[in-house]
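As the structure lists them, so they are numbered: ligands from 1, and atoms in each ligand from 1. We number each residue from 1, following the sequence as shown.
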Amino acid sequence: MAFLRVSATSICVFILWRLIRRLRAPKSPLTHIRGPKKEHWLKGNFHRIFQDGRQYNLDMVEQYGGAVKIYALLGQEQLYISDPLALHHIVVKEQNVYEETDMFIMGNRLIFGDGLIATLGEQHRKQRKMLNPVFSLANMRNLLPVIQPIADQLRTILTAELPADGSVVEVNILPWLSRGALEYVCQAALGHSFNALDPTKENDYMDAIRTLAPSSLRLIFLRPFIPMIVRRFSLYWRNKMMDSAPSDALRNIRHVVNVMDTSSKNIFAEKKAALENDDSAGNTVNTMKGKDIMSIMLRANASSSDNDRLTDSELLGQINTIIFAGFETTTSAICRIFWILAEKQDVQARLRSEIRKAKQEYAIAQGLSGPWEDVEVPYDTLMGLPYLDAIVRETLRVYPPTSLLSRTARQSSILPLHEPIRSASGEMISAVHVPENTTLIISILAANHNKRIWGEDAEEWRAERWLSASGERRPFGDDGNSMSGASLGIKDGMKYPGVYATMMTFLGGGRACIGFKFAEMEMKQVLTTLVPRIHFALPKSPDEDGHVKEIYWKMNGLQVPVVRPPAGDNVTAQVPLDLRRVREDDFMNQPR
Ligand code: HEM
């Protein structure tokens, strides 16, 4: 208890010291940038931005433009950026200046070890050099057969819940899609099954990783203290603090870290042993397992030069990093698509028809027998379906699973703007001076809703914007003729530096999402597997009090679907949908 009192007092002294320092600091260098008023002495505007803040974020950018001054915890002034040229500078041109924050890097290192999301500068660049080819298109092609049986298993589980007479049953699809997403990424990344789709099998690793994001969200207010705690307290004292902290979330994170560490060390040892068992032709003894990301990475590392080679601790750090980074984000995106399909029945019918046509044509071309619904189309066909592609792109544009990221200016710099903003004194300015140590928020959400780029209906979900009048995929970015308006995502030479269809959902530059091709493939595979057999609709049946469930998506760090009161508690993550077997009238009204 005495130790607890000392820790609590240290944190209070630290807050007081930061407040006094702020009061005594010279006038803010960001006073010329406009933004919303500080709403709370401790939380600034952060609670409005990060807690269910979707509309607040969009309104703020509409009012103040692509560079806004906001107030963070303890009233710290930060820049909120969505201008395309400024974002190009941040993530591409001056990536070495605008780096991840210490809080992000140190927090991730404590949890995941030395992986991509816990390293900076040269070390990060070296890790990317090793890992980029691992996520190549050719490797993704090889991974499709790994994830197909998992999607099939998911379909079998869900269809088993549907009454044979075609009536509707309400199913919360979130836990199943989340278990599926964990299994895809574990099998693809590690060639290791955690039996995530079998609830009868207990699994510490799966339970641990699924509780990590909720626990870290509950501790969001502690994050700013991580760099101070890591710098000032040894591992011994940090563990003591964790042990005596009166917080279940903190203790859970400690448990999660222990479980992840033990599991990943075992898997890593297995993989290394398998690599050493390679036959003389260089093929691993179990060829299917050899296609997983970890095996490819170990082989690439073994054959790289001494300068480029990663240490065992860096390789180990990638395991939990890839699984964590690729699991919650994709679950959120897939759930969002099913929610949209449930809401927009015409979109669902058109998608189902497109999938049927593709599967039937492929079955005929290959001479396959059996139900068309069970046909697996190859990678290029899957990725080339225009309407499916438009649905995935439009969902990731309008509802990016990760909406806001942070960066710190490691030195002072000038950030140019594509569109000038009005300064606090009224004149238009086209560059912002960013002092050293300023924290910047990258608004993926606002960038993806830029009306200059996407049009006046940017906030609307409209898959057709990605298609030509004849239903073909429209070119985007520099692929087409932007002057004729044929190309999407580029206007008067202005475009975002995103790796995916010029939008910012997966970021751009040297820290862009390394797994975006995998995420895209996974989403498309799940949709083409489930939609032919299952019909989705929003819940309609009232509960015993006569209330119908209304799903509402909160933007808290990640997107969290909840059920609004009175039918729900507004907190528990869930996506309850009405499911039934597909009927002939569930297809678009057109000849087959
Ligand atoms: C819809 C799904 C996904 C979304 C929206 C998404 C989004 C992002 C974003 C915005 C970043 C940049 C984070 C930052 O700079 O702070 C990122 C990084 C990363 N993502 Fe994804 N991601 C998704 C799926 C995946 C998948 C499936 C994997 C792995 C199989 C993955 C692995 C990673 C890794 C390792 C990084 C760190 C890259 C680095 O720092 O160099 N992501 N992701």
Under 4.0 Å from ligand 1, counting heavy atoms only, is it the side chain of [X], its backbone, both or neither?
| X | result |
| --- | --- |
| Glu520 | neither |
| Gln127 | neither |
| Glu100 | side chain |

According to the interplanar angle, ranging from 0 to 90°, do the rings of Phe194 and Tyr205 count as parallel (below 30°), tilted (30 to 60°) or perpendicular (above 60°)?
parallel

Check the angle between the aromatic planes of Phe112 and Phe324 and answer parallel, tilted or perpendicular using the 30° and 60° thresholds.
tilted

Can you tell me the protein heavy atom closest to atom 6 (C) of ligand 1 and the distance?
Phe506 CD2, 3.6 Å

Among all protein heavy atoms in this structure, tell me which lies nearest to atom 10 (C) of ligand 1, with the distance rounded to 0.1 Å.
Thr505 O, 3.4 Å

So is [X] touching ligand 1 or not, going by heavy atoms under 4.0 Å?
| X | answer |
| --- | --- |
| Gln318 | no |
| Pro401 | yes |
| Phe327 | no |
| Glu99 | no |

Arg336 to Tyr399, cation-pi by 6.0 Å centre distance and 45° axis angle
yes

Say whether His124, considering both its backbone and side-chain N or O atoms, lies within less than 3.5 Å of an N or O atom on ligand 1.
yes

Checking Glu394 against Arg465 for the salt bridge (charged side-chain N to carboxylate O under 4.0 Å, His left out) test, could you report, in this order, the C-alpha distance in whole Å, the side-chain angles of both residues, the deciding distance, and whether it holds?
CA-CA 8 Å; Glu394 185 67 345; Arg465 78 174 76 239; 2.8 Å; yes

Indicate yes or no: does Asp308 engage Lys126 in a salt bridge with an N to O separation below 4.0 Å.
no

